[in-house]
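Heads up: the structure comes next, in structure tokens.
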Number of protein chains: 2
Amino acid sequence: MDPGGNIMVSSKTIGRLSQYRRLLQNLLGDGREFVFSHELATMAGGTAAQVRRDVMAVGHLGSPSKGYGVSALLGSIADYLDGADILGVALVGVGNLGRALLAYFVGRHPTLELKAAFDCDPAKIGRVIHGCRCLPMEEMARVVEEERIKVGVITVPAEDAQRVATVLWQAGVLGIVNFAPVRLWTPASVHVEQIDLTTVLEQAAFFARRQDKDAGKEVGR
Amino acid sequence: MDPGGNIMVSSKTIGRLSQYRRLLQNLLGDGREFVFSHELATMAGGTAAQVRRDVMAVGHLGSPSKGYGVSALLGSIADYLDGADILGVALVGVGNLGRALLAYFVGRHPTLELKAAFDCDPAKIGRVIHGCRCLPMEEMARVVEEERIKVGVITVPAEDAQRVATVLWQAGVLGIVNFAPVRLWTPASVHVEQIDLTTVLEQAAFFARRQDKDAGKEVGR
DNA sequence: TAGATTGTTAATCGATTAACAATC
DNA sequence: TAGATTGTTAATCGATTAACAATC
């Protein structure tokens, strides 16, 4: 069981650590030297115990009555999340969402480098969008292999997503963020993070509707 | 405790039901009459037991050896997720991501209606983007109240998100989808769905990096 | 010291998984 | 009937929460 020694840390934990990092960067900018677990908890929207557990997971120790050293904890989290090397990222599908993600991406991740974007629309190919060159779909496999790209972001229509994913992992990609509303099949060694924007809206709508109904009842409408 | 009788169903369950609905619509289009739990499970990326549990939650009964009637189950899920009335939605922040979401939204949700989009950029105000009129930020409270909008989507920069959220819930919004990387404070009666695009990318990168390292070890590099 | 927070351990909670009789 | 799936119940697993001694 678990031959590679993997999957000991949940995706949720990584997400929270990534949040803490951003919060700590802000605190560092404000000149804060120490921070308590409950402060981070309220900022990140969790509990103090959860923050302590996460911090312990990265092997950092805090000090009673002072809390956690901001810059030291930031370093510990960075060591944990990032590697020594820069990881290449490719974006596939330069539509509305793809362009939005390119804009989001620009200059935010010191340890991630967007190496290429791919699209099948001839009008987009060759153009530089948000500082990233748009290449034709046919070159995807070659470029991903040559540039040793390990992370792929899929923002193509649902019907093309699986085909793109297959090309990506066959070319060596190990982590995929998929915005297409389709379940992707990949080998177990390839991590897929599924983001379903349509579903998210329906979730919010469901709870809004129920709350609205309940409120109506209370008033006795 | 729990005076309104709420929060008996998790956000996860709603997300899965929303997925099933989409899958069932496809099956219906293909002319399929019945579907088994394990078929839905493989399509949605879960287990058969999970599908059965979710289906039971909406009060639908299947038949052994035939499975679930596609159109009947679709109806049950729609009854559960949707109400009789159409719910109004507002989008705040017509940047790259906002425009992408507007495009996503167009003509997909029969029970949700995008009533307005808001932005503070004078160049955008008055323009119609993907069939939705862009209004100035100052009119947000008034329009949301008048149109009885209950769902808000926030795609403004992090520093403006809390201010926008406060205006929204004070004007009667009960469900919020927040794409800004900030934790929002709202009353407990207002549901917030947090989507952190930056964090998602870091999650995928983390697992890709670890897998890459492990693969390197195996080869004995 | 008193007070608050830390890391650690035990208890609780929820969700997932497995087991099984009932049904077509 | 035999076979497969259903709804239902019990067992397991994991994560969260509570409790507590140690520390500054």
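Naming: A, B, ... by sequence-line order, numbering from 1 per chain.
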Full working for salt bridge (charged side-chain N to carboxylate O under 4.0 Å, His left out) between B:Lys150 and B:Asp85: CA-CA 12 Å; B:Lys150 296 299 173 196; B:Asp85 53 338; over 6 Å; no
Going through the distances and angles, do B:Leu91 and B:Leu101 end up as a side-chain contact (heavy atoms from CB on, under 4.5 Å)? CA-CA 9 Å; B:Leu91 185 135; B:Leu101 291 172; 4.0 Å; yes
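Taking the ring axis of A:Tyr20 as reference, the NZ or CZ atom of A:Arg22 does not stay both within 45° of it and closer than 6.0 Å to the ring centre. At least one test fails for B:Arg209 against the ring of B:Phe207: distance under 6.0 Å to the centre or angle within 45° of the axis.
For DNA chain C, the stems formed by at least three consecutive Watson-Crick or G-U pairs, with both atom-pair distances below 3.5 Å, span C:3-24 with D:3-24.
With B:Ile149 as reference, B:Val144 is the one residue of B:Leu174, B:Val89, B:Val144 to meet the side-chain contact (heavy atoms from CB on, under 4.5 Å) rule.
Taking atom OH of residue A:Tyr68 and atom C1' of nucleotide C:dT5, one finds them 9 Å apart after rounding to whole Å. Between A:Met56 atom CE and C:dT9 atom P the separation is 9 Å, expressed in whole Å. The CG atom of A:Asp54 sits 12 Å away from the P atom of C:dG7 (whole-angstrom rounding).
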Per-nucleotide protein contact along nucleotides 13-24 of chain D, 5' to 3', at a 4.0 Å heavy-atom cut-off (B base, S sugar-phosphate only, - neither), is ---SB-----BB
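B:Phe34 comes within 4.0 angstrom of nothing in the nucleic acid, heavy atoms only.
Salt bridge annotation for A:Arg21-A:Asp82: present, with a cationic side-chain nitrogen under 4.0 angstrom from a carboxylate oxygen. Between A:Glu33 and A:Lys66 no salt bridge is recorded (no basic side-chain N to carboxylate O distance below 4.0 Å).
Between A:Phe36 and A:Tyr68, the distance from one ring center to the other does not fall under 6.0 angstrom.
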